[in-house]
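See structure below.
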Number of protein chains: 2
Amino acid sequence: MPKVGMEPIRRQQLIAATMAAIDEVGLAEATVMRIARHAGVSAGIISHYFGGKDGLLEATMRQILTDLGNAVAARRHALGDHSARAHIGAIIEGNFDRTQVTGPAAKTWLAFWASSMHKPMLQRLQYVNDRRLYANLCHQFRRLMPRDEARNAARGLAAMIDGLWLRGALTPEGLDADQARRLAYQYLDQLLAHHSQRLQAPQTPIQPTDTLST
Amino acid sequence: MPKVGMEPIRRQQLIAATMAAIDEVGLAEATVMRIARHAGVSAGIISHYFGGKDGLLEATMRQILTDLGNAVAARRHALGDHSARAHIGAIIEGNFDRTQVTGPAAKTWLAFWASSMHKPMLQRLQYVNDRRLYANLCHQFRRLMPRDEARNAARGLAAMIDGLWLRGALTPEGLDADQARRLAYQYLDQLLAHHSQRLQAPQTPIQPTDTLST
DNA sequence: TTTTATTGATTGAACGTTCAATAAAAAAAT
DNA sequence: ATTTTTTTATTGAACGTTCAATCAATAAAA
């Protein structure tokens, strides 16, 4: 089987196998042997390409974060409408993207969330990603409201997104992405309602059954 | 040291030591020896009182869920005002209770969230707790709105609570409980605003500090 | 003296890593 | 075209470590 130029192929295989193994039995029992078997290779190869198990786990988390970043960036670039609401919508959509919501990715994500609290390298990755989400949201909200309120809105929406995600991952039936999107948009529109220069009123990618306001 | 009637004492010590160990080094490295050392006892005692490490972990998760249940129940019983908003407020307050927000409890909680996906017993505990939160919220919202909307509101608020929790646990500085409460209440009031029989308007247990702009 | 609680050395299983051996492809030589 | 050599990728058995569980020995209370 040894062909030249295997490195990128094997790396991808092993990262995918890692997610599959975590999906199957959890991080605690995702041994190098199980991961290797999933990828159809031997255990030793992991140390060869990633320097060890930790290296593979780090690479896997990087992959997940990169996927999320791409999912968001793609939707923001495809935006016709450059309103704040549209940008924030793209962030929501990106976070509930197919690749992210899938069983393996969701469980892997949650496993890394938990273990990042005690592994400095993973913590760093998680932190950077977190700040990026918050900063993006904050920047968009800032276009419609004063700074302190924008910060609150960003914190609230970030929490809502993560919360929907978390509960989706924990639910045996998996995340209902449509329902999650709907709830996130509904919350977003409530946040924006008070500050709508009327330019900016409910634009409805999704109609939250609106309401004649207070 | 052997006195009679040690069992309940040791059990409590060991459960507390488990949370402390998880807080310190994470579930993956919370070995029986480390936990035992934390409690000032030997490793063997764990199997003696809990039948094994798994038994101790299960008991620890049960403890955390019980603490949460008590925190909520206490606040609901202490309620003067029996409005739906007051009840939901008690649920929010209970979830951001001191004993829950503390470092050890928060990290232990997250660790169990992750591992409950692959351990049927923990999954069962987590699921029951989850349904209870949802059912309680749903029941209270139902007093103010039609069923489908009540369900959405309950799902949204549950996600918001868990999301704030999660992000608090992941943040290096820990959860800012006051800020979390404020955001949860703000969201709650937005949910209720559309349905307020005028009895029910913003009652402000917490003032969202509103902002002098910029 | 009996009962109860606790210890800690021991055991066996499981893990990640290593590395000499191997096999396949690519390159060079014929 | 064929053979030989070199390079690259891969294997899997062996090693050292770490862990949870066990249980005979022990020490304190009753």
Side-chain angles (χ1 to χ4, degrees), chain A residues 1-22 24-61 108 111-112 114-115 118-122, chain B residues 1-22 24-61 108 111-112 114-115 118-122:
Chain A
M1 307 117 187
K3 253 180 297 205
V4 67
M6 283 274 89
E7 181 157 343
I9 296 170
R10 289 278 179 257
R11 289 182 72 97
Q12 276 309 116
Q13 281 182 335
L14 286 168
I15 287 172
T18 302
M19 295 193 213
I22 292 177
E24 235 180 61
V25 295
L27 181 55
E29 297 184 39
T31 67
V32 292
M33 255 202 226
R34 189 185 287 268
I35 294 171
R37 186 158 11 104
H38 246 288
V41 296
S42 91
I45 214 81
I46 286 175
S47 292
H48 183 251
Y49 281 124
F50 293 95
K53 192 189 184 183
D54 284 348
L56 173 56
L57 294 179
E58 184 193 322
T60 304
M61 186 166 180
T108 305
F112 280 133
S115 81
H118 303 283
K119 305 210 173 178
M121 177 55 74
L122 298 187
Chain B
M1 304 120 187
K3 253 180 298 207
V4 67
M6 284 274 88
E7 181 158 345
I9 297 171
R10 289 278 179 257
R11 288 182 72 97
Q12 275 309 116
Q13 281 181 336
L14 286 167
I15 287 172
T18 302
M19 296 192 212
I22 291 177
E24 236 180 60
V25 296
L27 181 56
E29 297 183 39
T31 67
V32 292
M33 255 202 222
R34 188 184 287 269
I35 294 171
R37 185 157 14 102
H38 247 287
V41 296
S42 90
I45 214 82
I46 286 175
S47 291
H48 183 250
Y49 281 125
F50 294 95
K53 193 188 184 185
D54 284 348
L56 174 55
L57 294 180
E58 185 192 322
T60 304
M61 185 166 181
T108 304
F112 281 132
S115 82
H118 302 284
K119 304 209 172 177
M121 177 55 73
L122 298 187

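Residue numbering restarts at 1 for every chain, and letters A, B, ... go by the order of the sequence lines.
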**OP:** For dT10(D), take OP1 and OP2 only and decide whether either is under 4.0 Å from a side-chain N or O of Arg10(A).
**Re:** yes
**OP:** Would you kindly give the CG-to-C1' distance between Asp54(B) and dA21(D), to the nearest whole Å?
**Re:** 12 Å
Subject >> Gap between atoms OH and C1', on Tyr49(B) and dT22(D) respectively (whole Å) >> reply: 17 Å
**OP:** Grab the NE2-P distance between His48(B) and dT4(C) for me, whole Å please.
**Re:** 11 Å
**OP:** Please test Phe50(A) against Glu58(A) for side-chain contact (heavy atoms from CB on, under 4.5 Å), starting from the C-alpha separation and ending with a verdict.
**Re:** CA-CA 9 Å; Phe50(A) 293 95; Glu58(A) 184 193 322; over 6 Å; no
Polar pairs (N or O, both sides) under 3.5 Å between protein and nucleotides 16-20 of chain D?
{"residue": "dA20(D)", "atom": "OP1", "partner": "Lys53(B)", "partner atom": "NZ", "Å": "2.7"}
{"residue": "dA20(D)", "atom": "OP2", "partner": "Val32(B)", "partner atom": "N", "Å": "2.9"}

Subject >> Any side-chain heavy-atom pair of Phe112(B) and Leu57(B) under 4.5 Å >> reply: yes
Original post:
Does Ile35(A) reach the side chain of Leu56(A), with side-chain heavy atoms less than 4.5 Å apart?
Top reply: yes
**OP:** For the residue pair Lys119(B) and Asp54(B), establish whether any side-chain heavy-atom pair is separated by less than 4.5 Å.
**Re:** yes
Subject >> Full working for side-chain contact (heavy atoms from CB on, under 4.5 Å) between Thr108(B) and Thr60(B) >> reply: CA-CA 9 Å; Thr108(B) 304; Thr60(B) 304; 4.2 Å; yes
Subject >> Contacts of type side chain to side chain donor-acceptor pair (under 3.5 Å), residue His38(A), not counting sequence neighbours >> reply: Glu24(A)
Subject >> Value in whole Å for how far the P atom of dT6(C) lies from CE of Met6(B) >> reply: 6 Å
Subject >> Separation of atom CD1 in Ile9(A) from atom P in dT8(D), rounded to whole Å >> reply: 16 Å
**OP:** For Glu7(B) and for Ala43(B), locate the closest nucleotide of DNA chain C by heavy-atom distance; then report the residue assigned to the nucleotide nearer the 5' terminus.
**Re:** Glu7(B)
Original post:
Of the nucleotides dT11(D), dG8(C), dA9(D), which has the atom closest to the Ser42(A) side chain?
Top reply: dT11(D)
Original post:
Given atom CD1 of Ile45(B) and atom P of dC23(D), what is their separation to the nearest angstrom?
Top reply: 16 Å
**OP:** Answer yes or no: is there a side-chain heavy-atom contact under 4.5 Å between Leu14(A) and Ile45(A)?
**Re:** yes
Original post:
Within the side chain of Arg11(B), is there an N or O that forms a donor-acceptor pair under 3.5 Å with the backbone of Tyr49(B)?
Top reply: yes
Subject >> Distance, rounded to the nearest Å, where Arg37(B) contributes CZ and dT6(C) contributes P >> reply: 19 Å
**OP:** Using Watson-Crick or G-U wobble pairs with both distances under 3.5 Å, give me DNA chain D in dot-bracket, 5' to 3', with [ ] for crossers and | for pairs to another strand.
**Re:** ||||||||||||||||||||||||||||||
Subject >> Whole-Å gap separating P (dA9(D)) and CG (Leu14(A)) >> reply: 14 Å
**OP:** Apply side-chain contact (heavy atoms from CB on, under 4.5 Å) to Met19(A) and Ile22(A), showing your working.
**Re:** CA-CA 5 Å; Met19(A) 295 193 213; Ile22(A) 292 177; 5.8 Å; no
